[in-house]
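Okay, structure first, notes after.
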Protein chains: 2
Amino acid sequence: MEKQTVTIYDVAAEAAVSMATVSRVVNGNPNVKPATAKKVLAVIERLDYRPNAVARGLASKRSTTVGVIIPDVTNIYFAALRPGIDDIAMMYKYNIILTNSDDAGEQEVNVLNTLMGKQVDGVIFMGNYIDDKLRAEFKRAKAPVVLAGTVDPNNESPSVNIDYAAAVEEVVTNLIARGHKKIALALGSLSQSINARIPTDGLQTGLNQGKIPFDDALVYEAGYSYDAGRKLQPVIADSGPTAVFVGDDEMAAGLINASMESGINVPDDLEVVTSNDTIITQITRPAITSITQPLYDIGAVAMRMLTKLMNDKELDEKTVTLPYGIVRRGSTKSAD
Amino acid sequence: MEKQTVTIYDVAAEAAVSMATVSRVVNGNPNVKPATAKKVLAVIERLDYRPNAVARGLASKRSTTVGVIIPDVTNIYFAALRPGIDDIAMMYKYNIILTNSDDAGEQEVNVLNTLMGKQVDGVIFMGNYIDDKLRAEFKRAKAPVVLAGTVDPNNESPSVNIDYAAAVEEVVTNLIARGHKKIALALGSLSQSINARIPTDGLQTGLNQGKIPFDDALVYEAGYSYDAGRKLQPVIADSGPTAVFVGDDEMAAGLINASMESGINVPDDLEVVTSNDTIITQITRPAITSITQPLYDIGAVAMRMLTKLMNDKELDEKTVTLPYGIVRRGSTKSAD
DNA sequence: CTGTTAGCGCGTTCAC
DNA sequence: GTGAACGCGCTAACAG
């Protein structure tokens, strides 16, 4: 039993008007006499007519759909940007096609292309780095792209971020002020990626100002997960830093738990600072000092920018940098 | 500078063939001489032609897109089903339109309707309860709907679940075997919702078998969040249960942390068991004993069922019940 | 193997 | 105010 679909023609016939008129009332075009509008509405109701968004998209060339590209749905950081994106999208009546890029360069290009094939009106892109290939695709795309929580080193695409390097620098400066000299950095992705370079830059700047030489050996790459953090712990312990900045909260949780279990007290023997202020930072014991990022706002502002671009409006600023903060918890010693 | 779009006609003209032929090579139809196929492919490449999925959808009446309805993207339980859904969808080349229902009845119906308007080929629905209105919409929809991690009490829609009541019962039985008599239940949603009734049933059955009277006052509703768990702690402590089953991991983490801080030792004074075996259960101290659910599989199987339905195949079984487990951690005392 | 011809359901001029 | 007609880009028979 195939469900029959009632079209705009059926409504037109039933209401004894032309389909153009039906189209007008459906789209709220004021050029319709209230009486006929009411009549049409009644028929629509009775026939349970639903406009076909695909046909509408073909005719109008707008799909009221935006694509969102995310490296990994389970990544708690990018996932945290989604509520902001979702809310603003919903506010402007856009639907979202959400796609995983698996953080792989090739895949990211594919995903972008299939989104464009679906005629999305715009794209929010999240990822760990922007390479030339991707940048070329963005330019070629006929729909606007906005980066959220993602840095384009060439600064070609509109984007929303915090000044992550400055945040790391501030963390490091605080650590140095409290006497630390061996400060480690635990990251997830490859060191050539931009999202690894930024914190590394922050660390270097901070160390420079404290007249402490930068030591490559204290920068670790493991992967952003709880288990990665656990596994990294003995490795880090070997080189004996007294403080570590971690790029991901789950990873920091793993590092802390493993440290405590092996007799290294946090924060007495090792101070830990992390990046994303997710709920994880409150759950661990000790709780974790963290950079605070306006995650919701990053998503919301990015989506807001995208709505402007999709309506051919100018952007006030192409690159938005939102303020960060630092919240102190038990994983660091108080400065006092 | 409007980006011009190259259509199938442009390719056809340029390659000196008909558009039907172009369509064939694009869709991998074998009825094309390799030579002409190659020629067409070359032109496609040169003109950088991208098929318009919207037009294709209109003509073919298939959008190769499925809708996924989720109550709240930040809910870690439903979020955990997504990788399974995503992977299978990707495997079958379906895109996903992800929409939040905010767990509100009205909203769920709306969301479903706009998805249908977008001509999705099918829908995966996750939610906390299925009411009559929703059930009616499912029936009316022209695309199939599969429930994931969601129970339809009327059992009308295909669904994938674990036997959650049995799992809770087993937990309770274990608790009783170790001497517990006052066992509390901490849930998130309203007690009339099915997802609250199920664990309550499990608790009751377990208690019955242990000849312990069921006490309504020991069933709490707070909300599935860390803070809700923290706030609930003093309330629960007042009635002095010696064990509690919690419906959500973050909530359990809040409860445990708050308990420890107020001098109630877990597990000595209070044993805690939770539901979803997310990474949270490993991060807390003590770590949390939990029901283990094949979350990935629930999503994957649901999506697999949906692909069958979308291709008019029969389902082997309409209601799939996957096995659960129980993993013991520090929040409960060992039975030995 | 390849081309022709109809639509798919709707938005949008342009006349009436 | 309202309707007729065309086109969006593509798939799907049907001929040839």
Side-chain angles (χ1 to χ4, degrees), chain A residues 2-41 43-44 47-65 114 116-121 142-143, chain B residues 2-41 43-44 47-65 114 116-121 142-143:
Chain A
E2 192 56 30
K3 257 118 177 174
Q4 44 128 57
T5 113
V6 16
T7 79
I8 201 169
Y9 281 104
D10 302 324
V11 176
E14 190 74 11
V17 297
S18 82
M19 56 149 294
T21 300
V22 178
S23 174
R24 289 194 185 95
V25 341
V26 168
N27 294 298
N29 185 317
N31 287 1
V32 181
K33 209 193 314 180
T36 70
K38 218 183 81 187
K39 183 175 60 178
V40 171
L41 250 10
V43 175
I44 287 180
L47 264 45
D48 194 29
Y49 163 74
R50 321 290 182 96
N52 180 327
V54 172
R56 185 184 302 209
L58 221 211
S60 69
K61 295 180 168 277
R62 314 187 76 244
S63 60
T64 62
T65 301
T114 83
M116 290 306 174
K118 299 244 173 192
Q119 312 304 113
V120 295
D121 297 334
K142 58 173 180 274
Chain B
E2 194 54 31
K3 257 119 176 172
Q4 42 124 61
T5 114
V6 14
T7 79
I8 201 170
Y9 281 104
D10 302 325
V11 177
E14 191 74 11
V17 298
S18 83
M19 53 160 297
T21 300
V22 178
S23 175
R24 290 196 184 91
V25 342
V26 168
N27 295 300
N29 184 318
N31 290 359
V32 179
K33 208 194 314 179
T36 71
K38 219 183 80 186
K39 183 175 60 178
V40 171
L41 252 8
V43 175
I44 286 179
L47 263 45
D48 193 30
Y49 163 73
R50 319 291 182 96
N52 180 330
V54 172
R56 180 181 301 194
L58 221 211
S60 70
K61 293 176 168 282
R62 315 187 75 242
S63 59
T64 64
T65 301
T114 83
M116 290 306 173
K118 299 243 173 192
Q119 312 305 111
V120 295
D121 297 334
K142 55 173 183 272

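Just so it is clear, the values below take in all heavy atoms, side chains as well, and ignore hydrogens, waters and symmetry mates. So that the names make sense, note that chain A is the first sequence line, chain B the second, and so on, each numbered from 1.
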### Sequence-aligned protein contact record of nucleotides 11-16 of chain C, with B where the base is within under 4.0 Å of a protein heavy atom and S where only the sugar-phosphate is
BB----

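Under the side-chain contact (heavy atoms from CB on, under 4.5 Å) criterion, A:Ala59 pairs with no residue, sequence neighbours left out. For A:Thr64, the side chain to side chain donor-acceptor pair (under 3.5 Å) test picks out B:Lys118, with sequence neighbours left out. Considering only residues two or more places apart in sequence or on other chains, A:Ala37 meets the side-chain contact (heavy atoms from CB on, under 4.5 Å) condition with A:Val32. In this structure, the side-chain contact (heavy atoms from CB on, under 4.5 Å) partners of B:Leu47, at least two apart in sequence or on a different chain, are B:Val6, B:Asp10, B:Val11, B:Glu14, B:Val43.
Among the atoms of the strands shown, only primed sugar atoms or phosphate atoms (P, OP1, OP2) are found under 4.0 Å from some heavy atom of A:Asn52. Backbone-only contact: B:Val17 has heavy atoms under 4.0 Å from sugar-phosphate atoms and none from a base.
The phosphate of D:dC8 has neither OP1 nor OP2 within less than 4.0 Å of any side-chain N or O from B:Thr7. Distances shorter than 4.0 Å separate some side-chain N or O of B:Thr36 from OP1 or OP2 on C:dT2. OP1 or OP2 of C:dG9 has at least one side-chain nitrogen or oxygen of B:Lys61 nearer than 4.0 Å. Side-chain nitrogen and oxygen atoms of A:Thr21 include at least one within less than 4.0 Å of the OP1 or OP2 phosphate oxygen of D:dG3.
Heavy atoms only, all atoms of each residue included: B:Val54 and A:Gln119 are closest at CG2-CG, 3.3 Å.
A 4.5 Å side-chain heavy-atom check between B:Val17 and B:Val22 finds at least one atom pair inside the cut-off. Using a 4.5 Å heavy-atom cutoff, the side chains of B:Lys33 and B:Lys39 are not in contact. With contacts defined as side-chain heavy-atom distances shorter than 4.5 Å, the pair A:Thr36/A:Arg24 does not qualify. Annotation: side chain of A:Val40 is in contact with side chain of A:Ile44 (closest heavy-atom distance under 4.5 Å).
For the helix from C:dC1-D:dG16 to C:dC16-D:dG1, the axis fitted to the five pairs at one end and the axis fitted to the five pairs at the other end meet at an angle of 30° (nearest 10 degrees).
Look at CG on A:Asp10: it is 13 Å from C1' on C:dC8, rounded to the nearest Å. Following rounding to the nearest Å, A:Asn29 (CG) and D:dG3 (P) show an atom-to-atom distance of 13 Å. Note: CZ (A:Arg62) to C1' (C:dG9) measures 19 Å, nearest angstrom.
Across the interface with DNA chain C, nearest-nucleotide mapping of B:Leu58 and B:Lys33 shows B:Lys33 to be the residue nearer the 5′ end.
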